[in-house]
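One structure is given here, and the rest of the page talks about it.
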Amino acid sequence: MTKKNVVESGLNMAITVVVSNPSLFPYVSRKKALQKLEIEGGRINAWVDSMRASSPTHRKSAVSLSLSTEDQTSWITSHPSAMDMFEEITSSSKGKQIVMFLDYDGTLSPIVDDPDRAIMSDEMREAVKNVARYFPTAIVSGRRRDKVYSFVRLGELYYAGSHGMDIKGPAKGPTYKRGKKAVLFQPASEYLPMIDEVYKALLEKTKSTPGAKVENNKFCVSVHFRCVDEKRWTALAEQVRSVLKNYPKLRVTQGRKVLEIRPTIKWDKGKALEFLLESLGFANCNDVLPVYIGDDRTDEDAFKVLRDRGQGFGILVSKTPKDTNASYSLQGPSEVKDFLHKLVEWKRLSLQEHSRV
């Protein structure tokens, strides 16, 4: 995949809600499977409804009220625990190179009110460090690359920040690349001045909303509303809309209690996964097994790529049923850490057995 594949996808700013199996989630079944809430035209109420739907608190109450025991069992059957299905996952890797892709917030660190305090535990860092000894490993985050690196502090990893729009290869450690070129890719570089301008405008515009936090993630801007009183969400949505109506080359997507403003280019975490596989020399190869672990709506782009390829697995980190393209599930960062430990131990024992032969 090259830069020429990155093209503008349109000029209408929109926020997208994806529901591929509405029957499993009655509380959103009245919405279209792919609904675009346009910022132009004042459809703020629909936008705020989407903000409520993405709220973990609202989701939990909605799930508990709407899903029958049969539906929940069906979801677990369709997305079983990666810990319980560990042997199935490792069996699929026979004769293949596992490549690990990890989201950061909500996957390697807990979700917290202040995004600057989403600190990775020393135990989790050690688990990731050990994984990288045996498998090419990438952190794929909506955060700016240098920010997520400051949290993880492991030079042997690949880092894809800004939802994959800022990719850089390892500074040290094992070399898995079949090619020789250093990995550095920034498909949205031309948008940097615009992003910086919008960041400053949003910072000024939202300062009257208590709890709102605007984060400059280099190639995108995040407006966090986790600490904003729900009664003020409509006002916050209007503030964001008033800024973005002058920037038709930017679009809005939504994560967990956060609005993401990014360029209208066809680039996301799924494209970043494909680019990294190509950079590692695994483009169009059958001897690779990508495993992507993430908790957020933005990780669905990567899950979908793996499902469409029929190669590799997506693992959703969630304590409640969600519509997802992932194959397996884990309950939270603590289970992610256990899974990584188990993967390392399995690989270590496999190598020991192979050396005896």
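Residues: numbered from 1 along the sequence shown.
In summary, the aromatic rings of Phe185 and Trp267 are positioned with their centroids under 6.0 Å apart. For an aromatic pair to be called close, the ring centres must be under 6.0 Å apart, and Phe86 with Phe339 satisfies this. Two rings, from Phe219 and Tyr191, have their centers 6.0 Å or more apart.
Put simply, the side chain of Asp308 never gets that close to the backbone of Val305: no donor and acceptor are under 3.5 Å apart.
If you take CG on Leu203 and CD on Glu215, they are separated by 11.5 Å, rounding to the nearest 0.5 Å. Annotation: the span from Leu289 atom CG to Phe313 atom CZ amounts to 5.5 Å, rounded to 0.5 Å. Taking CG from Leu316 and OG1 from Thr107, the interatomic distance works out to 8.5 Å, rounded to the nearest 0.5 Å. For the atom pair Arg307 CZ and Thr324 OG1, the distance stands at 7.5 Å (nearest 0.5 Å).
Comment: Arg144 does not engage Asp166 in a salt bridge, judged by the lack of any side-chain N to carboxylate O separation of less than 4.0 angstrom. We find that Lys200 and Glu197 are not joined by a salt bridge, their nearest charged nitrogen and carboxylate oxygen being 4.0 Å or further apart.
No side-chain donor-acceptor contact under 3.5 Å links Thr298 and Glu260. Defined by atom type and a distance below 3.5 Å, a donor-acceptor pair is missing between the side-chain atoms of Ser81 and Glu335.
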Going through the checks in order, is the side-chain contact (heavy atoms from CB on, under 4.5 Å) test met by Lys271 and Asp301?
CA-CA 8 Å; Lys271 293 289 194 300; Asp301 295 316; over 6 Å; no

Arg256/Asp105 under side-chain contact (heavy atoms from CB on, under 4.5 Å): CA gap, chis, key distance, verdict:
CA-CA 10 Å; Arg256 294 177 65 177; Asp105 293 275; over 6 Å; no

Step by step, would you call Val288 with Leu280 a side-chain contact (heavy atoms from CB on, under 4.5 Å)?
CA-CA 10 Å; Val288 61; Leu280 285 162; over 6 Å; no

